[in-house]
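Structure, as structure tokens:
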Amino acid sequence: MSLSVRPSPNRPSPDAPLPVQIRHRLATGGYRPGQALPTGLIAHYLRTTPAAVKAALAELAERGDVEYRGAGEHGPAYYLPGGRR
């Protein structure tokens, strides 16, 4: 089952799993389709490490919520689906 990245009316609890927090951040943070995701900034915003964010993004990529591009427009990174390839 693939979950779409949609805004939720409420911010998830800080105790929510990191992928849930990141999905909320992606839906409400002004990111555009095809944009490379700034793992360091997301980590700073969620008060965690970039490594933890990358692990959560890998989980979200398995679900189809984000995608990893080894040769993306901005280099190897996780991207919001859509946009140029």
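Residue numbers start at 1 and run along the sequence shown.
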| Hey, is the main chain of A56 close enough, under 3.5 Å, to the side chain of E59 for a donor-acceptor pair? |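 Such a contact is absent between E59 side chain and A56 backbone.
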
| field | Test side chain to side chain contact (heavy atoms under 4.5 Å, CB included) applied to K54 and I42, L37, T49, T39, the passing residue | value |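 So, applying the side chain to side chain contact (heavy atoms under 4.5 Å, CB included) to K54 and each of I42, L37, T49, T39, only T39 qualifies.
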
If you look at every heavy atom in [X] and [Y], which pair is closest and at what distance?
X	Y	result
A36	A77	CB-CB, 4.3 Å
P50	G40	CG-CA, 4.3 Å
Y31	P38	CE2-CD, 3.7 Å
G82	E67	N-OE2, 4.5 Å
Y79	G34	CD2-O, 3.2 Å

Are [Y] and [X] linked, directly or through intermediate hydrophobic residues, by side-chain heavy-atom contacts shorter than 4.5 Å (ILVMFWY only)?
X	Y	result
L46	L80	yes
V66	Y68	yes
L18	L41	no

| request: Would you give the length of the straight line joining atom CZ of R23 to atom CZ of R25, rounded to the nearest 0.5 angstrom? | output: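 It comes to 15.5 Å.
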
